[in-house]
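Okay, structure first, notes after.
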Amino acid sequence: MNNSENNTAPAPGAAEPSGFIRQMIARDLASGKHGGRVHTRFPPEPNGYLHIGHAKSICLNFTLAEENGGLCNLRFDDTNPLRESQEYVDAIKDNIRWLGFRWHGEVRYSSSYFEQLYEFARQLVRKGRAYVCALSPEEAREYRGTLTEPGRNSPWREREPEESLDLFARMRAGEFRDGELSLRAKIDMASPNINMRDPILYRIRHADHHQTGSQWCIYPTYDYTHCISDAIENITHSLCTLEFEDHRPLYDWILRYLDIESLRAASDLRDADVAYVLPEQTEFAKLRISYTMMGKRFLRAMVEEGKVDGWDDPRMPTLAGMRRRGYTPASIRNFCEAVGVTRSESLVDIGMLEHAIREDLDRNAPRAMCVTRPLKVVLSNFEAGRVDRLQMPRHPKREELGSREVSLTREIFIEREDFSENPPAGFKRLVAGGEVRLRGAYVIRCDEIVRNAGGGIDELRCSVDFNTLGKRPEGRKVKGVIHWVSASEGKEITVRLYDRLFLGENPAPKSVEEVFDGINPDSLVQLDGCVLEPGALDDAAGDHFQFERTGYFFRDRQAQTGGAAVFNRTISLRDTWKRTEV
RNA sequence: UGGGGUGUCGCCAAGUGGUAAGGCACAAGGUUUUGAUCCUUGCAUUCGUUGGUUCGAAUCCAGCCACCCCAGCCA
């Protein structure tokens, strides 16, 4: 097929690309449609933090470019100064880099094209394809008609281009108030597609912009800006979500009625020896995940009303939150790949996301022991003062990760739920008079339960079978293995257990109140006084761990809780033990 | 009920006229000093539905049904 030097397409014999977008790209490459180029872009509006849904789009755009030897721009679609800020710009750049993607060249801003956009608008006016309208926003809505009735022409629709040009210049000069005048495309007020009923191209907004300051008091709309920005950047494939499908005719209309030579002259490749081809928009379904709510407006409300700690609260589906929770870039990228890209709207089971992070962390996270709800155990035949320094592998399957030292002493802690006086059927842990293996150490037997005045269990007295280190006990089988930490050597830490933020499988809220009503009251459980094996706090040990038998945890270095280190539970271990209710 | 879309296993998703990939979940075995991981096996006679075309249809045609999006000077 294609033998050109920069052919990065799958090797001969490799499977055909699968998925409608990859196939489209393969087709376009084969037909030379865009001169053999693939140039995508990720175009966020800096009006909030990025979430896992954006990650799908980021992965799509960047990997598509990567796979095809193409380029991907980062462009802030910053045409509405009222809702945007530099804080979001910075956070978004940071998130994308964290995911491991590198955009082509400098960061782009639609706002840096404002001057060209203004000039193109004048061109449309001169061609009689746009006019300055004096309908108020309310009147404009009335004139637009409804879904089933056509709209009516604005009384200003036939204004002479010269007059519109003059008015447009005076709009820019600040002679009018917000909403007093607007620039509209002259298309078709009777179109069944409401987006084609003379859409607004420019509106007056006396507001400072985070990039352009007080330079402008008129701002172009999304529809007008996006297609031209794509054309300026020589984007070939402009990917967006399904709700923009009805906007595609407008995207194409604007570019078609602009002089192509003037577009080329404004583009990045104006001096390059390549064919100038207009970008094309393709839509795909946005990501939805069960038990997860992704609406920006609602996420913002959660932050502003203090329902969570901030945009980076580990319960938030934001990239900042997931990062702090302990999700890795690889897990998110794998997840996005697994979920696929289609045009059908689906609700992905959150179990898929959980699988992706478990898969990565199982492979890569070093192991450690942490007791979250400590129960003291005194090893009666282990002399006080004695310290056994035991070696345990950092990872059960990856010897190359080396070993860690764990100290066994007379007094240790075990998990409260690893001891039971009334064990349910199939209980494999410690019971009165029973034996259990201390992970990486000896088998112990529970000889005595020491109670407090209230009848609660204070501690356990156990005896060690010293003939069981690294080998099976003689003459019997010990099924259970439990984790433990030395009482004297262990470090006290705080652990935060996270659960899903929302109770509903498909939270599709209509109002902010509804969002708040759906919050899981147990989405965060903080456990103080947990005990961790000391070596895990060394900086060299890293921040991701599997606390054996418990889950994957990530050290939260931003959290402040009076000295104790904080670990966030990224995700629990899979638990297939079928507990039978007693 | 104007326009634009989508319907393949519980959840994602391949498939593009030649007789239903894969992943998640689930189930059953095996290994295991993590009830984890890993391994093995099972899991759609059927592709929203009804008709039609064809030797042959998830794939082509027609009708019907269900669901999603659009009436911001938001993106």
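Residue numbers begin at 1 in each chain, while the letters A, B, ... track the order of the sequences.
When the nucleotides B:U34, B:A75, B:G15 are ranked by their closest atom to the side chain of A:His247, B:A75 comes out on top. Listed nucleotides: B:G35, B:U16, B:C12. Nearest to the side chain of A:Trp577: B:G35. Side-chain proximity of A:Asp246 to B:U34, B:G4, B:G15: nearest is B:G4. Closest contact between the side chain of A:Met352 and the listed nucleotides B:C11, B:U32, B:G15 involves B:C11. Here B:A75 is the nucleotide among B:U34, B:A75, B:U37 with the atom lying nearest to any side-chain atom of A:Glu243. Nearest to the side chain of A:Arg574, among B:A36, B:G3, B:U33, sits B:A36. In the set B:U37, B:C70, B:U33, B:C70 carries the atom at the smallest distance from any side-chain atom of A:Ile194.
For the OP1/OP2 pair of B:A75 and a distance below 4.0 Å, the side-chain nitrogens and oxygens of A:Arg203 include at least one atom meeting the criterion. The shortest distance between the side-chain N/O atoms of A:Arg398 and the OP1/OP2 oxygens of B:U37 is not below 4.0 Å. Side-chain N/O atoms of A:Thr576 include one lying less than 4.0 angstrom from OP1 or OP2 on B:A36. Applying the 4.0 Å criterion to OP1 and OP2 of B:G3, one finds that A:Ser191 has every side-chain N and O outside that range. Contact check, A:Arg144 against B:G72: a side-chain N or O comes under 4.0 Å of OP1 or OP2. Put simply, A:Thr221 has no side-chain N or O that comes within less than 4.0 Å of OP1 or OP2 on B:C73.
B:A36 atom C1' lies 16 Å from atom CD1 of A:Ile482, rounded to whole Å. Computed from coordinates, the A:Leu430 CG to B:G35 P distance equals 14 Å when rounded to whole Å. Put simply, CZ on A:Arg184 is 12 Å from P on B:G72, counting in whole angstrom units.
Residue A:Gly351 is in sugar-phosphate contact alone, with no base atom involved, counting any heavy-atom pair closer than 4.0 Å across all strands shown. Residue A:Leu201 is out of contact with every strand shown, counting any heavy-atom pair closer than 4.0 Å. Here A:Gly151 lies out of heavy-atom contact (under 4.0 Å) with every strand. Using a 4.0 Å heavy-atom distance criterion, A:Tyr202 is classed as making no nucleic acid contact. Residue contacts shown for A:Ala356 are absent, as no nucleic acid heavy atom lies under 4.0 Å away. Within 4.0 Å (heavy atoms only), A:Lys479 reaches no atom of the nucleic acid at all. Here A:Glu149 lies out of heavy-atom contact (under 4.0 Å) with every strand.
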Requested in this report: Would you check, one step at a time, whether the test side chain to side chain contact (heavy atoms under 4.5 Å, CB included) holds for A:Val377 with A:Cys446?
Outcome: CA-CA 9 Å; A:Val377 170; A:Cys446 176; over 6 Å; no
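The partner of B:A66 is B:U6, by the rule that a Watson-Crick or G-U pair needs both atom distances under 3.5 Å.
Of the residues in residues 169-182 of chain A, those placing a heavy atom less than 4.0 Å from an atom of RNA chain B are A:Gly179, in numerical order.
Between B:A44 and B:G5, the two P atoms lie 34 Å apart (nearest whole Å). When the P atom is used for both B:U49 and B:A75, the distance is 42 Å, rounded to whole Å.
With respect to A:Arg157 and A:Asp198, a salt bridge is recorded, a charged nitrogen being found less than 4.0 Å from a carboxylate O.
The glycosidic torsion of B:G56 lies more than 90° away from 0, which places this base in the anti conformation.
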